[in-house]
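Counting starts at 1 for both ligands and their atoms, following the listed order.
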Amino acid sequence: MDTNKSLEVIRARIGDMRPKVGFILGSGLGHLADAVQGEVFAYSELFGFPQGGVSGHTPKLVIGMLEGVCVAVFGGRAHYYEHGIADAMRVPLEVLAALGATQLFVTNAAGSFRKDIPPGDLMLISDHINFSGRSPLIGEATDKRFVNLVDAYDPDMRARLAKVALAAGLDLKEGVYAWYSGPNFETPAEIRALKILGADAVGMSTVPEVILGRFLGLKCVAVSAITNMAAGLGNEVISHEHTKAMAPLGAQKLEQLIRGFLRGS
Ligand code: HPA
């Protein structure tokens with residue numbers, strides 16, 4: 001099995017290091033992987049990890065220390081839109097859980113619906129809307145597939161992040177994230193519909209990972225780096241280039257937030 005084969009490669013190099021928190025880094029947010037001192041695994045060395053990928057992502061796993069905490073950082077993710085596979089991050093997350101991690105921290109780039117959460121800001125995800133209609137658990141044959149998603153975004157981890165943000169002077173509003181399949185961006189009519197449904201931001205990732213995370217018993221939290229106002233709500237032309245150019249604005253704040261979160265854990 002890919003998970004076991006990957007674990008064998010990883011364990012042979014990390015010895016008894018046991019990551020506590022796993023991070024999945026979104027578009028343009030991958031530099032945090034370089035701040036971790038530890039073992040670096042190219043996804044191509046591992047089994048069942050996403051190959052190829054999307055520009056702006058760093059396809060490597062780093063396991064090591066950050067702010068005195070053992071972490072596992074996934075510098076890149078597979079998206080549903082790449083191959084139409086909703087559980088493309090299942091093996092990496094199974095590996096994370098098998099290594100002993102108990103927490104999953106997901107980041108993404110997203111388009112905002114709210115004027116009070118403008119590009120450059122972060123949004124703490126309080127809940128999600130699965131607008132894609134896909135689940136990474138389709139095909140899972142056990143009763144474990146019936147995952148409860150109430151408080152999927154762990155209230156304690158969110159409260160800790162809010163505290164860290166306050167202490168650091170970071171404005172961190174909470175909101176609902178909608179998963180849109182991509183890879184095309186949304187139409188303005190879809191954004192108006194999602195707004196009526198209760199979403200505050202939209203993106204093309206995170207939701208399947210959090211579903212898998214909860215399936216595997218990981219406590220999850222997620223933060224969006226807002227790179228643009230969603231389609232029809234702003235003046236900028238939305239593009240992947242624009243997302244990658246804007247993500248570093250949020251990345252600095254995100255690193256501050258993550259470091260503070262780890263220091264308090
Ligand atoms: N829509 C979907 N995904 C995104 C966006 C957006 O507006 N911005 C960054 N990722």
Atom 5 (C) of ligand 1 [closest protein heavy-atom partner, distance rounded to 0.1 Å]: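 Minimum-distance protein heavy atom for atom 5 (C) of ligand 1 reads G111 N, 3.5 Å.
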Minimum-distance protein heavy atom relative to atom 3 (N) of ligand 1: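 Heavy-atom neighbour on the protein nearest atom 3 (N) of ligand 1: G203 CA, 3.4 Å.
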List every atom of ligand 1 that sits less than 4.0 Å from any heavy atom of [X], numbering the atoms from 1 in the order shown and giving each element.
| X | value |
| --- | --- |
| N228 | 5 (C), 6 (C), 7 (O), 8 (N), 9 (C) |
| T243 | 9 (C) |
| E186 | 1 (N), 2 (C), 6 (C), 7 (O) |
| T227 | 8 (N), 9 (C) |

Considering both backbone and side-chain atoms of A109, is one of its nitrogen or oxygen atoms within less than 3.5 Å of a nitrogen or oxygen in ligand 1? yes
Between F105 and F261, is a ring pair (Phe, Tyr, Trp, His ring centres under 6.0 Å) present by the stated rule, with each step listed? CA-CA 10 Å; F105 193 129; F261 176 81; 5.5 Å; yes
Using a 4.0 Å heavy-atom cut-off, say whether V202 meets ligand 1 through its side chain, its backbone, both or neither.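 Answer for V202: both.
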Is the contact between A110 and ligand 1 made by the side chain, the backbone, both, or neither, using heavy atoms and a 4.0 Å cut-off?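 Only the backbone of A110 comes within reach of ligand 1.
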Does the structure place the NZ or CZ of K195 under 6.0 Å from the centre of the six-membered ring of F113, at an angle of no more than 45° from the ring's axis?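 So K195 doesn't make the cation-pi contact.
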Ring pair (Phe, Tyr, Trp, His ring centres under 6.0 Å) evaluation trace for Y153 with H128: CA-CA 9 Å; Y153 299 81; H128 74 228; 5.7 Å; yes
Can a side-chain donor-acceptor contact be found between T243 and E241 if the only test is distance below 3.5 angstrom? no
No-hydrogen, no-angle side-chain donor-acceptor test under 3.5 Å, E190 and Y180: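 Yes - a donor-acceptor pair under 3.5 Å links their side chains.
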For residues A98 and R11, report the shortest heavy-atom separation together with the two atoms involved.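 Taking every non-hydrogen atom into account, O-NH2, 3.1 Å.
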Sub-4.0 Å heavy-atom contact, F185 with ligand 1: yes
Verify, without hydrogens or angle tests, whether K253 (side chain) and L122 (backbone) share a donor-acceptor contact under 3.5 angstrom. no
